[in-house]
Each structure stands twice: as C-alpha cells, then as structure tokens.
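For this chain, numbers begin at 1 and follow the sequence in order.
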Amino acid sequence: MDEGANLIKRDQSIEALRILAAFAIVAFHAQWGDYRWWHSGLVVFVFLAAMFAARPRDEPRAMLPILRRLMVPFVFWYAVYLAANFATGRPLLLADNWVTAFLAGPSFHLWFLPFAALILVLATQLSRVSDILQLVSVIICGVAGFGLLFTSASWFPLFWDLPVPLTQWGHAIPAALLGIFIASIIRGGKVTLMAGLICIWPALIARQFGISSIELAYYAGFFAIALAMMLSRFWPRNFSVQPIADCMFGVYLTHIIALAVAARFVERGSFVQVLIAFGLSLAGVWLARRFAPITRAVLG
C-alpha cells in the first residue's frame, strides 16, 4: 500500500483531529461563542468519512458492514430520541413529510447517519469501477466539490427554505465530494505537498472574494485536516489517542442528551456546558464500550 493509503488509515494525528471535530460539533449544538466556526467539525467528519471510503484498497469493501455500522445506530437512537420527545411533550419528529421526517429523525443531529451511509456506499462503489471511469468520476467530484464551495453564497441560501435534513445535506455535499477527490489523488511523496496546497488555497481565495458562512466552516475544517496530515510525520509513535477516538461516533450520537443534562446545572451556551457535555458523553461511551461490548453495535 502506498504512503497516501497509509496516511488515511489510522494516523494518530488524524484520529486526534476526529476528537477535536467531535468537540466542535458539541460546541456548535450548544451554540457556544461564534458557533459558525464550530460547524467545521461537521466538515471534518464528512470529509474524513468520504476519504476513508474512497481510499485505495487491495480488496473491495463490503457494503453490508457499512450499512450495519451506520443504520443500526440510526434505528436505535431514532427510537431513543423519539421516546425522549414523547416523554417531554415535544414534537415527535422534526418534519411533516414522511420522507424527510425519516431522514431527519426525532433529533436534528441524526440526519448525519443516513447521509453518511449513502456517501460511503457511493464512494465504495466508485473504488470498484474501471480505472478510466474512476478517473472521470474523481475529476467530476473535484470540480463539483470546489465549484459548489466557491459558489456557496449563491446557492446555499436556497437550502434554508427546504425541510430538515436537506439543509444539512446541502452543507455537507461539498465535503463529501472533496473527500473522495483528495483520497484519490494523494499518492506517494506528494502527501505533504498536497496537504500544503489544501492549507494555502483557502487563504488565497479569501483574499479575493467575500466569505460566506459555509465557506468559513470549510476553510477552518480544511486547514485542520491539512495540518493533521502534515503532523502525521512527526507524531510520537508510542502516543496513541485511539481509545478516545474510537468513542467519537458514540459521543456524536449521545451528546444531545449530555447537553440537556449539563444545561440543568450550568448556563446554556457556555464553555462549561460544552465541556461537561463532552466529558459526560465520552465517559459514558467509553464505559459502555469497555464493560458492555454489545453496546458497540449502537455506539460505534
């Protein structure tokens, strides 16, 4: 396997970035500070998911494990948040249309799971086609991803009028396309060069054009991804954040509950609420995975 494939396997710098991205998502949902910046956590999550799925492989990836890993937790937490809404007297679902209601679920953060399942399946299928068709598809992903990002100020406001989760899908699509694109072009010794280019181009674009809120999140997210890629060469070999990083999917699924619990004791939208909610989610997920391994089916 070449260096590019190894880079996006289990590099601890990227795993550390996953932890920071999960914390940013908790901060975003808590609306702490200028929370537009924290939306970059979602960009990182989507980008890395697509990049992992589209990376070069010796053997094709099976579809069933992908769907099981995402849709089993989706169904489980769909039921949990549905029950919580019923118990607290809130509307059971976020949308009236049954299709969007299913995709959004009873909590606004669950939209990510069916979206990620779709992206991972498409990215995996792309890795199975012929080299020529794969090349054409990758070019399309790159052009479309950058094109959508650079024109987001024009098209993204249209998504605000659409039902949940289509707004979230619109925000995440460029990250998914660019994740596939980057995974396919990273090769050999060009990794650091590519990471540097990813790091530089947002600043160049920002100097020429006005920045929309979606671009702000993408620029911060891409800068973080590029930095993590470059730091992978200098990460201490004996220092692993994997046990914590393995809990981040579970933190994403449970942090809404943790935010509600923390809000009973501290000010809403404060850093303390974010810190407590992240800590509660991490501790709960780690304990469940450690002492009740069966919970990994719904916590990742």
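For Ile25 against Leu42, the heavy-atom pair with the smallest separation is CG1-N, 3.8 Å. For the residue pair Ala176 and Phe115, the shortest heavy atom distance occurs at CB-CZ, 4.4 Å. Looking at every heavy atom in both residues, Gln273 comes nearest to Ala263 through NE2-CB, 3.6 Å. A pairwise comparison of heavy atoms in Leu253 and Leu299 identifies CD1-CA, 4.4 Å as the closest pair. For the residue pair Asn85 and Pro106, the shortest heavy atom distance occurs at ND2-O, 2.9 Å. When all heavy atoms of Met71 and Pro114 are compared, the closest pair comes out as SD-CA, 4.1 Å.
Atom CG in Leu148 sits 8.5 Å away from atom CG in Leu178 (nearest 0.5 Å). Interatomic distance, CD1 of Ile180 versus CG of Leu120, reported as 9.0 Å (0.5 Å rounding). Going from atom CG of Leu177 over to atom SG of Cys141 covers 5.0 Å, rounded to the nearest 0.5 Å. Residue Phe76 holds its CZ atom at 10.0 Å from OH of Tyr81, rounded to the nearest 0.5 Å. Rounding to the nearest 0.5 Å places CH2 of Trp111 at 6.0 Å from CD of Gln168.
Tyr252 contributes a side-chain N or O that, together with a main-chain N or O of His109, makes up a donor-acceptor pair within less than 3.5 Å. Put simply, the side chain of Ser40 never gets that close to the backbone of Ala217: no donor and acceptor are under 3.5 Å apart. Checking side-chain atoms of Arg289 against main-chain N and O of Arg296 turns up no donor-acceptor pair under 3.5 Å.
A centroid separation of less than 6.0 Å is found between the aromatic rings of Tyr218 and His171. Side-chain rings of Phe278 and His255 stay apart, their centers remaining 6.0 Å or farther from each other. Aromatic rings of His29 and Phe108 (six-membered ring for Trp) have centroids within the 6.0 Å cut-off, being under it.
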Going through the checks in order, is the side chain to side chain contact (heavy atoms under 4.5 Å, CB included) test met by Ile182 and Phe47? CA-CA 9 Å; Ile182 296 299; Phe47 182 93; 3.7 Å; yes

Met248/Leu282 under side chain to side chain contact (heavy atoms under 4.5 Å, CB included): CA gap, chis, key distance, verdict: CA-CA 7 Å; Met248 291 304 102; Leu282 175 57; 3.8 Å; yes

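Put simply, Trp155 and Val46 are part of the same group of oily side chains (I, L, V, M, F, W, Y) that touch within less than 4.5 Å, one to the next. Neither Leu20 nor Leu227 shares a network with the other; the hydrophobic side chains, linked directly or stepwise wherever heavy atoms of I, L, V, M, F, W or Y lie under 4.5 Å apart, form separate groups for each. Phe234 and Met229 sit in two unconnected hydrophobic clusters of ILVMFWY residues. Membership requires side-chain heavy atoms under 4.5 Å apart, directly or through other members. Grouping the Ile, Leu, Val, Met, Phe, Trp and Tyr side chains by contacts below 4.5 angstrom, directly or via other members, places Ile19 with Phe23. Transitive grouping of hydrophobic side chains (ILVMFWY, heavy atoms separated by less than 4.5 Å) brings Phe265 and Leu280 into a common cluster.
Using a 30° and 60° split on the angle between ring planes, Trp32 and Phe271 fall in the tilted class, from 30° to 60°.
By the 6.0 Å and 45° rule, Arg69 stacks over the aromatic ring of Phe249.
Side-chain contact between Ile139 and Phe181 is absent, with no heavy-atom pair separated by less than 4.5 Å. Looking only at side-chain heavy atoms (C-beta outward), Val44 and Arg18 stay at 4.5 Å or farther from each other.
Inspection of the Gln12 and Gln242 side chains reveals an N or O donor paired with an N or O acceptor under 3.5 Å.
Among Leu113, Ile257, Val72, Leu82, the one residue that satisfies the side-chain contact (heavy atoms from CB on, under 4.5 Å) test with Trp77 is Ile257.
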